Participant: 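Sharing a structure, written as structure tokens. Questions coming.
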Amino acid sequence: MRAKRASKSLYDRLFEHVLVRMDAEKAHHLTYDALRAGGPVLTRAPIPGVAPVRAMGLTFPNRLGLAPGFDKNAQVYDRMGAFGFGHVEIGTVTALAQPGNPKPRLFRLPEDRAIVNRMGFNNDGATAVAARLAKRRRKPGGLVLGVNIGKSKVVPDDDQAAVEADYETSTRLLAPHADYLVVNVSSPNTPGLRNLQAVEKLAPLLAHVRRTADEVTSAQLPLLVKIAPDLSDEDVLAVADMALDLGLAGIIATNTTISREGLRTPSAKVAEIGAGGLSGAPLTERSTEVLRLLRGRVGPDLTLIGVGGISTPEQARERVAAGADLVQAYSALIYGGPSWPRRILEGL
């Protein structure tokens, strides 16, 4: 225990005196490049008392996963099991390669243990990512891989046929390599994307993705949808009903928020940062509320993945108590460092 505390305090000092003074996206790329270089020597260390979890017909080594955003292009996901993660969700991947929004586009709010991003689905595109995933070797009981797909920016959200064709392209290329597939319609950083959360648009889109996935996979691939915390309670329940009607495998709650309420960071700094999705500790309460609403509506069988504002073992346990089968995080890893996943799992 003493070594773990020392390791954490060392990371805290590194973060407070070095990383926090560095451009957030540059710091991310340094970490990413280090993982790419050192990946072959990383091995999973067992965590006593952590049991596998069955969900969606899959066996997860544990409940904790790495949320999308860290590995958009499927280059280091297989290294993350060494830190304790039982599953990794790559992406968001779009059918077309795209550079994302202009920089700077990633910002830390240390006083709130939060992140603001307006990355805009920067990624290499489904063709390049599928080529990388084709080399993946699946291992029984190993890391579970989720693939998160989104709308290409150039595709207008009000052209349903074009939207479905765009998601179809990603599905055809990526579904054969995924353990589960997530349709992302909840990022605030692609213009018009959140309009697709309306059930009258979302239901036919998900049905189309389902048909496409069935055409390119031999066994039915678990399909989930990821929703925003900014939906009204009524809309959350409507999505829950739709998920049951369509036979989805699950729902992921929640993505980032456009709200800036209750932040400790000075309002002038928040205003200077500008638009983008807020993730991290400020999402804890609303993300838990959404999850609890969903579980109450869908019953015990549909898989729910809780994400947003999970920083401590107590918060992870609270999310499971609210109905989560699995939990995910990303912002907390930035603030907690490489030993953070093990602390969460030991607490769970």
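Along the sequence shown, residues are numbered consecutively beginning with 1. Small disclaimer: the values here were computed from a predicted structure and weren't measured. These values consider heavy atoms only, across backbone and side chains, with no hydrogens, waters or symmetry-generated copies.
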Participant: Please identify which of these residues, N184, N189, V182, N122, meets the side chain to side chain contact (heavy atoms under 4.5 Å, CB included) condition with T92.
Facilitator: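 Output: one option passes, namely N184.
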
Participant: Looking at R136 and D78, is there a salt bridge between them, counting it only when a charged N and a carboxylate O are closer than 4.0 Å?
Facilitator: no

Participant: Looking at residues at least two apart in the chain, or sitting in another chain, which of them share a salt bridge (Lys or Arg N to Asp or Glu O under 4.0 Å) with D159?
Facilitator: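 Salt bridge (Lys or Arg N to Asp or Glu O under 4.0 Å) check on D159 returns nothing, list empty.
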
Participant: Run E346 and R343 through salt bridge (charged side-chain N to carboxylate O under 4.0 Å, His left out) and show every step you take.
Facilitator: CA-CA 5 Å; E346 289 167 353; R343 294 198 301 273; over 6 Å; no

Participant: Check whether the side chains of N73 and N123 place a donor and an acceptor atom closer than 3.5 Å, and report yes or no.
Facilitator: no

Participant: Can you tell me if D230 uses its side chain to pair, donor with acceptor, with the backbone of I258 under 3.5 Å?
Facilitator: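 Judged by distance alone, yes, a pair lies under 3.5 Å.
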
Participant: Just how far is it from atom CD1 of I344 to atom CG of L333, taken to the nearest 0.5 Å?
Facilitator: 10.5 Å

Participant: When you measure from the side chain of R118 to the backbone N and O of L106, does any donor-acceptor pair fall under 3.5 Å?
Facilitator: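 No: the side chain of R118 does not pair with the backbone of L106.
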
Participant: For E168, what residues pass the salt bridge (Lys or Arg N to Asp or Glu O under 4.0 Å) criterion, not counting sequence neighbours?
Facilitator: R172

Participant: Between I90 and K72, is any pair of side-chain heavy atoms under 4.5 Å apart?
Facilitator: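 With C-beta onward as the side chain, the pair stays apart.
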
Participant: Could you tell me whether a side-chain N or O of R113 sits under 3.5 Å from a main-chain N or O of A281, the two making a donor and an acceptor?
Facilitator: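 Such a contact is absent between R113 side chain and A281 backbone.
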
Participant: Tell me if a side-chain donor or acceptor on E318 pairs with a main-chain N or O of E314 at a distance below 3.5 Å.
Facilitator: no

Participant: Give the table of side-chain donor-acceptor pairs shorter than 3.5 Å for residues 63-70, with sequence neighbours excluded, one pair per line with atom names and distance.
Facilitator:
{"from": "R63", "atom 1": "NH1", "to": "D325", "atom 2": "O", "distance (Å)": "2.7"}

Participant: Give the intermediate values and the outcome of salt bridge (charged side-chain N to carboxylate O under 4.0 Å, His left out) for residues R286 and E289.
Facilitator: CA-CA 5 Å; R286 178 57 183 165; E289 288 176 355; 3.2 Å; yes

Participant: Picking from Q98, R132, Q75, what satisfies side chain to side chain donor-acceptor pair (under 3.5 Å) with D124?
Facilitator: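 Of the listed options, the one satisfying the test is R132.
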
Participant: Mark yes or no for whether D112, through its side chain, and L263, through its backbone, hold a donor-acceptor pair below 3.5 Å.
Facilitator: no

Participant: Side-chain donor-acceptor pair under 3.5 Å between R292 and T288, yes or no?
Facilitator: no

Participant: What I want to check is whether the side chains of Y180 and E89 have a donor and an acceptor closer together than 3.5 Å.
Facilitator: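 A donor-acceptor contact under 3.5 Å links the two side chains.
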
Participant: In sequence, state the C-alpha distance, the side-chain angles, and the governing distance for Q197 and D235, and then conclude on side chain to side chain contact (heavy atoms under 4.5 Å, CB included).
Facilitator: CA-CA 9 Å; Q197 290 182 112; D235 288 335; over 6 Å; no

Participant: If we ignore hydrogens and angles and just use 3.5 Å, is the side chain of D179 paired with the main-chain N or O of V144 as donor and acceptor?
Facilitator: no

Participant: Within the 4.5 Å heavy-atom criterion, are Y167 and K151 side-chain neighbours or not?
Facilitator: yes

Participant: For the backbone of E25 and the side chain of D23, can you confirm whether one donor and one acceptor N or O come within less than 3.5 Å of each other?
Facilitator: yes

Participant: For the pair R54 (side chain) and G57 (backbone), establish whether a donor and an acceptor sit closer than 3.5 Å, ignoring hydrogens and angles.
Facilitator: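 Such a contact is found between R54 side chain and G57 backbone.
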
Participant: Measure across V76 and R36 and return the closest heavy-atom pair with its distance rounded to 0.1 Å.
Facilitator: CG1-CG, 3.2 Å

Participant: Parallel, tilted or perpendicular: which one describes the rings of F85 and W340, with boundaries at 30° and 60°?
Facilitator: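 Rings of F85 and W340: tilted, as their planes differ by 30° to 60°.
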
Participant: Within the distance-only criterion (no hydrogens, no angle test), does the side chain of T303 pair as donor or acceptor with the backbone N or O of G250 below 3.5 angstrom?
Facilitator: no

Participant: Testing the 3.5 Å rule here: is there a donor-acceptor pair between the side chains of T256 and S279?
Facilitator: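 No, because no side-chain N or O of T256 sits under 3.5 Å from a partner of the opposite role on S279.
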
Participant: Is it true that a side-chain atom of R295 and a backbone atom of L302 form a donor plus acceptor pair closer than 3.5 Å?
Facilitator: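 Answer holds: yes.
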
